Amino acid sequence: MVKFSSGEASEEFTSPKRVKLSECEGSSEVPNMGNNLNCSGEAAVVAAAAAAAVGSGKALIATIDPDTFECSICMEPLSPPIFQCSNGHIACSSCCVMMDSRCPSCLKPTGKIRCLAIEKLIESMKVGCKYAHNGCRELVRYSQMTAHESKCMYAPYLCPVSGCSFSGQSTQFSDHFKSLHGARVIQFRYEAWFTVSLATEEQFCILKGEDMIFLLQNKMRPLGNIVYATCIGPAFLEEHYSYQIEIKKGRRRLTMESVPRSIVGIHENRQDFLLTPVETYEEDGHLKFELSFRHVI
């Protein structure tokens with residue numbers, strides 16, 4: 001939700017085709033497999049049959065070609081319910097509906113026989129995040145891999161500056177914008193107002209919160225400048241933060257309250273912004289406004 005108001009101011013490794021198996025006893029932890037844990041989208045899946053293994057004190061570790069557990073129709077990771085035709089060809093439930101309950105491989109009816117063996121195997125598998133090389137040590141269920149990677153804090157982000165090919169973790173953006181784009185870095189505390197002054201042509205300013213980095217963007221337009229903040233993090237974090245911008249000039253006050261949109265898909269998503277008319281510029285031509293961020297747990 002966005003609120004506006006105006007008025008008078010008052011105060012990698014190669015994917016193996018062979019399966020390697022090893023067994024460890026007396027521990028419910030997945031053993032250290034060295035580089036084998038650093039999976040990428042094209043790398044092998046590191047799987048652990050965890051459900052039964054934890055109860056028995058044994059864990060079975062395997063490296064498996066990830067294509068084995070992809071739906072042959074949509075090519076997405078399989079997740080229950082999984083169906084098979086009478087010839088054993090498997091498909092995810094959504095594809096069974098899309099194919100009008102006909103197996104695309106043999107045209108036999110499908111969508112009624114559950115493939116319980118594959119479902120049980122997939123539900124017991126845990127895989128390493130493809131961003132392990134960036135520091136993520138999470139092992140997640142195979143069926144939840146896509147959901148985890150969309151929220152992983154170690155995922156790289158693309159620089160929003162046109163023509164810049166930089167891609168890196170959120171923690172690297174401060175140095176990147178400071179060294180390559182000449183942006184200033186301002187640290188702040190949540191729930192506290194702080195002042196920012198920008199030249200009209202100063203496009204970016206890095207704002208470092210206690211646990212998150214935000215990018216303040218300033219763009220020139222014929223009637224003035226538009227200003228808004230973006231979050232350098234996954235999209236699901238948007239609901240955990242909000243911010244306010246306020247500009248005062250004499251008896252005039254312009255305010256906006258919104259959420260900092262994620263830098264992911266920034267060019268496709270609509271941004272809430274505050275338009276600062278030319279009349280509100282300072283005498284030296286700078287934009288001066290107050291900012292406050294709120295962290296919603």
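None of the values given here were measured: they were computed from a predicted structure.
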(request) To the nearest 0.5 angstrom, please state how far the OG atom of Ser124 sits from the OH atom of Tyr142. (result) 12.5 Å
(request) Output, in order, the C-alpha distance, side-chain angles, deciding distance and verdict of side-chain contact (heavy atoms from CB on, under 4.5 Å) for Arg184 and Leu198. (result) CA-CA 10 Å; Arg184 290 180 294 128; Leu198 298 176; 3.3 Å; yes
(message) salt bridge (charged side-chain N to carboxylate O under 4.0 Å, His left out), that's the test. Do Glu210 and Arg189 meet it? Break it down for me.
(response) CA-CA 7 Å; Glu210 299 160 27; Arg189 292 182 293 106; 5.9 Å; no
(message) Between Arg294 and Tyr241 (side chain of the first, backbone of the second, donor and acceptor by atom type, cut-off under 3.5 Å), is there such a pair?
(response) no
(message) Quick check against the 3.5 Å criterion: does Thr230 have a side-chain atom that pairs as donor or acceptor with the backbone of Pro260?
(response) no
(message) Show the nearest heavy-atom pair for residues Thr195 and Lys288, with the distance to one decimal.
(response) CG2-CE, 3.8 Å
(request) Over 60° means perpendicular and under 30° means parallel, so classify the ring planes of Tyr190 and Phe188, tilted if in between. (result) perpendicular
(message) Working to the nearest 0.5 angstrom, can you tell me the gap between Met125 CE and Met145 CE?
(response) 8.0 Å
(message) Between Ile73 and Met75, does the side-chain contact (heavy atoms from CB on, under 4.5 Å) criterion hold? Intermediate values first, please.
(response) CA-CA 6 Å; Ile73 302 173; Met75 307 306 292; over 6 Å; no
(message) Nearest 0.5 Å, please: how far is OG1 in Thr200 from NZ in Lys219?
(response) 15.5 Å
(message) Under a 3.5 Å distance rule, please check whether Glu123 uses its side chain to pair with a backbone N or O of Lys120 as donor and acceptor.
(response) no
(request) Search all heavy atoms of Ile232 against all heavy atoms of Ser170 and return the closest pair with its distance. (result) O-CB, 3.3 Å
(request) Test Ile122 against Ile82 for side-chain contact (heavy atoms from CB on, under 4.5 Å), laying out the working first. (result) CA-CA 10 Å; Ile122 287 178; Ile82 302 170; 3.7 Å; yes
(request) For the residue pair Met153 and Leu237, establish whether any side-chain heavy-atom pair is separated by less than 4.5 Å. (result) yes
(message) Any heavy-atom pair between the side chains of Glu138 and His148 that's under 4.5 Å?
(response) yes
(request) Take Glu191 and Ser292, measure what side-chain contact (heavy atoms from CB on, under 4.5 Å) needs, and give me the verdict at the end. (result) CA-CA 6 Å; Glu191 307 285 352; Ser292 176; 5.7 Å; no
(message) Within the 4.5 Å heavy-atom criterion, are Asp211 and His295 side-chain neighbours or not?
(response) yes
(message) Does any part of the side chain of Phe194, heavy atoms only, come nearer than 4.5 Å to the side chain of Phe293, both counted from C-beta?
(response) yes
(message) If hydrophobic clusters are built by linking Ile, Leu, Val, Met, Phe, Trp and Tyr wherever their side-chain heavy atoms come under 4.5 Å apart, do Leu291 and Met212 end up in the same one?
(response) yes
(message) So which atom in Leu78 and which in Ala91 form the shortest heavy-atom distance, rounded to 0.1 Å?
(response) CD2-C, 4.2 Å
(message) With rounding to the nearest 0.5 angstrom, report the CD1 to CG distance, Ile226 to Leu274.
(response) 10.0 Å
(request) Report yes or no: do Phe69 and Leu116 belong to one cluster of Ile/Leu/Val/Met/Phe/Trp/Tyr joined by side chain heavy-atom distances under 4.5 Å? (result) no
(request) Before accepting this row, confirm whether a basic side-chain N of the pair Glu238/Arg261 lies closer than 4.0 Å to the acidic partner's carboxylate O. (result) yes
(message) Tell me if a side-chain donor or acceptor on Asp272 pairs with a main-chain N or O of Ser258 at a distance below 3.5 Å.
(response) no
(message) Please report the interatomic distance CG(Leu287) to CD(Glu282), rounded to the nearest 0.5 Å.
(response) 8.5 Å
(request) Over all heavy atoms of both residues, which pair between Cys95 and Cys71 is shortest? Give the atoms and the distance, please. (result) SG-SG, 3.8 Å
(message) Hydrophobic clustering (ILVMFWY, side-chain heavy atoms < 4.5 Å, transitive) - are Val278 and Leu254 grouped together?
(response) yes
(message) Can you tell me how the ring of Phe173 sits relative to the ring of His176, calling it parallel under 30°, perpendicular over 60° and tilted otherwise?
(response) perpendicular
(message) Quick check: do Leu215 and Leu207 have side-chain heavy atoms less than 4.5 Å from each other?
(response) no
(request) Return the minimal non-hydrogen interatomic distance between His181 and Cys159, and the atom names on each side. (result) NE2-SG, 3.5 Å
(request) Give the cluster check for Met220 versus Val196: same hydrophobic cluster or not, with ILVMFWY residues linked at side-chain heavy-atom distances below 4.5 Å. (result) no
(message) Looking at every heavy atom in both Ser150 and Pro234, which two are closest together, and how far apart are they?
(response) O-CB, 3.7 Å
(request) Please tell me if the side chains of Phe289 and Thr280 come closer than 4.5 Å, counting only heavy atoms from C-beta onward. (result) no
(request) Check whether Leu216 and Tyr228 end up in the same hydrophobic cluster, where Ile, Leu, Val, Met, Phe, Trp and Tyr are linked by side-chain heavy atoms less than 4.5 Å apart. (result) yes
(request) Check whether any side-chain heavy atom of Phe214 sits under 4.5 Å from a side-chain heavy atom of Lys208, and report yes or no. (result) no
(message) I need the Cys96 SG to Gln84 CD distance, nearest 0.5 Å.
(response) 10.5 Å
(message) Has Asn218 got a side-chain atom pairing as donor or acceptor with Phe204's backbone, closer than 3.5 angstrom?
(response) no
(request) Kindly say whether Tyr281 contributes a backbone atom to a donor-acceptor pair with the side chain of Lys249 at under 3.5 angstrom? (result) yes
(message) So Cys85 and Cys106, do their side chains get closer than 4.5 Å, heavy atoms only?
(response) yes
(message) Any side-chain to backbone donor/acceptor pair from His89 onto Ser86? Under 3.5 Å, distance only.
(response) no
(request) Check for a donor-acceptor pair, side chain of His240 on one end and backbone N or O of Val296 on the other, with a separation under 3.5 Å. (result) yes
(message) Has Glu202 got a side-chain atom pairing as donor or acceptor with Ala199's backbone, closer than 3.5 angstrom?
(response) yes
(request) Using atom types as modelled and distance alone, determine if a side-chain donor or acceptor of Tyr243 lies under 3.5 Å from a backbone N or O of Ala229. (result) yes
